[in-house]
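From a predicted model like this one, the values you see are computed outputs, not experimental measurements. Worth knowing before you read on, the calculation uses all heavy atoms, side chains too, and leaves out hydrogens, waters and symmetry mates.
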Protein chains: 2
Amino acid sequence: MSLLTIGTVAFDALETPYGKTDKIIGGSCTYIALSSAFFLPKVNVVAVVGDDFPQAYMDTLTSKGIDLEGLQIKQGEKSFFWAGKYHNNMNSRDTLVTDLNVLADFKPAIPASYQDCEYLMLGNLTPQVQIEAIEGLAKRPKLIVMDTMNFWMDVAMDDLKRVLKMVDVLCINDEEARQLSEQYSLRTAAKLIMAMGPKTLIIKKGEHGALLFQDQNMFYCPALPLEEVFDPTGAGDTFVGGFIGYLAKTDDISFENMRKAIVYGSAMASFCVEKFGTERLLEITDQDLEGRVNEFRELARF
Amino acid sequence: MSLLTIGTVAFDALETPYGKTDKIIGGSCTYIALSSAFFLPKVNVVAVVGDDFPQAYMDTLTSKGIDLEGLQIKQGEKSFFWAGKYHNNMNSRDTLVTDLNVLADFKPAIPASYQDCEYLMLGNLTPQVQIEAIEGLAKRPKLIVMDTMNFWMDVAMDDLKRVLKMVDVLCINDEEARQLSEQYSLRTAAKLIMAMGPKTLIIKKGEHGALLFQDQNMFYCPALPLEEVFDPTGAGDTFVGGFIGYLAKTDDISFENMRKAIVYGSAMASFCVEKFGTERLLEITDQDLEGRVNEFRELARF
């Protein structure tokens, strides 16, 4: 089934206790597309970069089945750039640089060939841009999944609440769920957030796994305990990319199938953190993924 | 199978965002015994109280199948007293009062009728007292499970390392596992801690569930997301009490059965936090427990 993902394609410079990188490929859309493309022959992308974005990076994405017709390249402008440094426990980080550059006036333009979109993934972006993306589609997709972050709760809550009414699945982390609902209990928070629009809620808890809520149903997927987390950048986007990629591949949006999709997303994320940036995602084989999913099965069964 | 638990029987005074209590029954041994007695016709207890400890509390324990022959009552002395106040998120607390009283010179004396002990649960106590308890048994039990806390890592690490070599299962929380191993990754921490003696390690993660490690095997039991945590006091002891109670009932210490024991322990703990102190534990029915275990099944399956 056709999947369209909208978000950022960017440069990241990362520093973790294991080392640091120069500018490498990053951005929510990059991780989502690489992860979901693992499940699908083709993933469509709407995003924007400057003319500094290397052709080699674009070729890498294309080689993985990512269609770049919707990638705007702004001549004379620079790509979005984020630099961050992770603390020793990898659970917190400092943002060192955020240069919006081309992102500052990004208008999502959806190519005609993407209009058959049945699965839409809105990566973390200004809520207003997320709304424009939905409104840019002639036909409402079968499933719209959105990511967001606490920053938009601070500066654009009204827009955020508008887009929440337009989507089917919201994917946020535990702190964000608490901020959005003003409730500490995640179960109570989930109820309140689902009443804001999305019928399904995913709460990411990092090394503690992920929760899936819909009506009275709950699913808790543990995270696989890892010996080393090399670089957590992109893990959340890889997770949600695997989630929607699996759903689009199986074309089954039942809660039962979403449980499996969460596990596949978690498995993809567990690979992502094993190397810097997107490096590990580019290497995974079908066998790797099935092996990892079996580790999750073994981890959770009783 | 016969189960002996050693720990504290005490007074607690608790304050949570939901209210506060006067002195009520508390202590590691109390919660462990109440939880494990749910699975067994009889649970033996070795602990100490002062002459201020109410007969009514002892009658309550006895009515639940807890044998108090091993409960020393020190005339003219006071029971151990702990007062604490939980912060709004319930994940952290301040200790307001710790009066050791009778606990200061507690020597575990094991009655002859307890010597057939096959399952031994060492609740949180001075490591030295835990060693004396093991040495007070003529025959080594089939399974020894111990709890401890960061305090003993700070002040009695040598003794703690001695007792670790004598037990089969260690049950600690994630912070304690990191402190004991000096490793952030819980998977790496588990390896190092199991090399210190216990072949099996349980890492409690509070609202994030619990991990079970043995050799190359791992099991992650999620915690049931609750709408309200009324009072977390005793949840860890209730958890480990349910764990060893289930093992003693089924008399099967395979890793496969330990997975189930962790779920039963988690279910017991999920009840414990629903009311103040031991209140909720005294009300649970078999049907309640089976219903709750089914909720865990539903939560974790995919």
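Using a 4.5 Å heavy-atom cutoff, the side chains of Glu227(A) and Gln183(B) are not in contact. Side-chain contact between Tyr264(B) and Phe302(A) is absent, with no heavy-atom pair separated by less than 4.5 Å.
Between Arg259(A) and Arg301(B), the closest heavy-atom pair is NH1-O, 2.8 Å. Closest non-hydrogen pair, Leu226(A) versus Ser185(B), comes out as O-OG, 2.8 Å. Nearest heavy-atom pair across Leu224(A) and Met218(B) is CD1-CE, 4.4 Å. Of all heavy-atom pairs between Ala223(A) and Tyr220(B), the closest is O-CD1, 3.6 Å.
Annotation for Lys142(B): atom NZ counts as buried by contact number, over 12 foreign heavy atoms lying within 6.0 Å. For Glu290(A), the CD atom is densely surrounded, since the number of other residues' heavy atoms within 6.0 Å is greater than 12. Residue Glu283(A) qualifies as enclosed at atom CD: its count of foreign heavy atoms under 6.0 Å is above 12.
Across Asn217(B), Leu299(B), Val229(B), the residue that shares the most heavy-atom pairs under 4.5 angstrom with chain A is Leu299(B). For the set Glu228(A), Arg297(A), Lys260(A), the count of heavy-atom pairs under 4.5 angstrom toward chain B peaks at Arg297(A).
For Leu212(B), no part lies under 4.5 angstrom from a heavy atom of chain A. The parts of Phe219(B) that come within reach of chain A are both its backbone and its side chain, each placing non-hydrogen atoms under 4.5 angstrom from that chain.
The structure places CD of Glu207(B) at 5.0 Å from NZ of Lys205(A), a figure rounded to the nearest 0.5 Å.
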